[in-house]
Asker: 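I'd like to ask some things about the structure below.
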Protein chains: 2
Amino acid sequence: MNIGEVAERSGLPAKTIRYYEDIGLVKPLRSANGYRSFRDRDVHKLAFLGRARALGFSIEDCRNLLKLYEDDHRTSAEVKHIAEDHLDRIDRKIAELTHMRATLAHLVDACAGDHRPDCPILADLAPTQEEIALLNEAG
Amino acid sequence: MNIGEVAERSGLPAKTIRYYEDIGLVKPLRSANGYRSFRDRDVHKLAFLGRARALGFSIEDCRNLLKLYEDDHRTSAEVKHIAEDHLDRIDRKIAELTHMRATLAHLVDACAGDHRPDCPILADLAPTQEEIALLNEAG
DNA sequence: ATAGGGGTTCCACTTGGTGGAAGGTCAATG
DNA sequence: CATTGACCTTCCACCAAGTGGAACCCCTAT
């Protein structure tokens, strides 16, 4: 199967598939004309990768998940460990964004959004008078 | 003021400050020996940048916010617009992560995490039998 | 003079691809 | 047989937002 068809079937752009070969995630064969020749299992791996990436797993996680996927002697504990770590990372990211969101929403709410220059958003970003003193004088 | 002191006062690493000069966010003077020489306003701008970045604004947003900050003829509407766009982006990102989190938490929950190879996480990532048929046969 | 703790530049690397140029292949058409 | 168009190939550059390191300069103190 050529890359175009694989792209269509797996839902991944051809460029991405080439990139995945480049970093060793898939190893398609080559036809006599130099074209990549994908077997069914390559296509399955790519579909797997597409889903794992959609869940936000890093490429390195994907590499490890794929290895476990193909290893009959894996333990589900190994897989779960990767997933739990990723879940933690997601939770931390959500917490960070939620915190940003709260601050920002508060500021946006306080801003008139009119023709005047006065703006609580800029006021919050700008150093306060006390802070200016701290920044300017030896600290 | 030399870069080391500015780094300490603004809370930004010296490397980051040099980078910000590189991309034109600050324009410190130069001393006779070639060292960067920061004025108070440079330090204020860097403190501003640090806070804006902490709120997740992109460098381009920061550039625009800084321009408005220094423009007496700005309108708060312009500032608010940037902030609202950013808020939208944050909301979309949170939604995306929350969706990932839900799926992943469900899978982690279903995984025994023991010595056996059977794993609902991998099962979810792997193509189903029907999908294998779709992937393999002309589709 | 030499050690240290500043500072400088430049280049490479990170993540996960994406865009584009230059060119080879193949099937179908004129 | 030549050419067109849709494929495919490689390679190089670029994105965000820095970070790490090497090689080298400057200044002060001993």
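So you know, we letter chains A, B, ... as the sequences are listed, proteins then strands, and number each from 1.
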Asker: Identify whether the distance between the nearest side-chain nitrogen and carboxylate oxygen of B:Lys67 and B:Glu60 falls below 4.0 Å.
Answerer: no
Asker: Scan the side chains in residues 78-85 of chain B for donor-acceptor partners under 3.5 Å anywhere in the protein, sequence neighbours excluded, and list what turns up.
Answerer:
| unit_1 | atom_1 | unit_2 | atom_2 | d |
| --- | --- | --- | --- | --- |
| B:Glu78 | OE1 | B:Thr75 | N | 2.8 |
| B:Glu78 | OE1 | B:Thr75 | OG1 | 3.3 |
| B:Lys80 | NZ | A:Cys111 | O | 2.8 |

Asker: Under 4.0 Å from a heavy atom of chain A: give me the 5'-most and 3'-most nucleotides of DNA chain D that qualify.
Answerer: D:dC7 to D:dT10
Asker: Note the angle between the end axes of the helix from C:dA1-D:dT30 to C:dG30-D:dC1, five pairs defining each, rounded to 10 degrees.
Answerer: 50°
Asker: Could you tell me which residues satisfy ring pair (Phe, Tyr, Trp, His ring centres under 6.0 Å) with A:Tyr69, sequence neighbours excluded, listed by chain and number?
Answerer: A:Phe48
Asker: Suppose we screen for salt bridge (charged side-chain N to carboxylate O under 4.0 Å, His left out). Which residues come up paired with B:Lys93, at least two apart in sequence or across chains?
Answerer: B:Glu96
Asker: Residues in side chain to side chain contact (heavy atoms under 4.5 Å, CB included) with B:Arg51, at least two apart?
Answerer: A:Leu125, A:Pro127, A:Glu131, B:Ala47
Asker: Would you give me the side-chain donor-acceptor pairs under 3.5 Å for residues 99-107 of chain A, sequence neighbours excluded?
Answerer:
| unit_1 | atom_1 | unit_2 | atom_2 | d |
| --- | --- | --- | --- | --- |
| A:Arg101 | NH1 | B:Asp91 | OD1 | 2.6 |
| A:Arg101 | NH1 | B:Asp91 | OD2 | 2.7 |
| A:Thr103 | OG1 | A:His99 | O | 3.2 |

Asker: Taking only Lys NZ, Arg NE, NH1 and NH2, and the carboxylate oxygens of Asp or Glu, determine whether B:Glu21 and B:Arg36 approach each other closer than 4.0 Å.
Answerer: yes
Asker: State whether A:Asp42 and A:Lys45 are salt-bridged, where the test is any N-O pair (Lys NZ or Arg NE/NH1/NH2 against Asp/Glu carboxylate O) under 4.0 Å.
Answerer: no
Asker: Classify every nucleotide of nucleotides 6-18 of chain C by which part a protein heavy atom approaches to under 4.0 Å, writing B for the base, S for the sugar-phosphate alone and - for neither, in 5'-to-3' order.
Answerer: BSBB------BBS
Asker: To the closest 0.5 Å, what do you measure between OG1 (A:Thr16) and CG (A:Leu46)?
Answerer: 10.0 Å
Asker: Could you work out, with ring pair (Phe, Tyr, Trp, His ring centres under 6.0 Å) as the rule, every residue matching B:Tyr20, not counting sequence neighbours?
Answerer: none
Asker: Taking only residues two or more places apart in sequence or in another chain, which ones pass side chain to side chain donor-acceptor pair (under 3.5 Å) with B:Asp61?
Answerer: B:Arg89
Asker: Please list, chain by chain and in numerical order, all residues satisfying ring pair (Phe, Tyr, Trp, His ring centres under 6.0 Å) with B:Phe57, sequence neighbours excluded.
Answerer: B:His86
Asker: Mind listing the residues from residues 79-90 of chain B sitting with a heavy atom below 4.0 Å of DNA chain D? Number order is fine.
Answerer: none
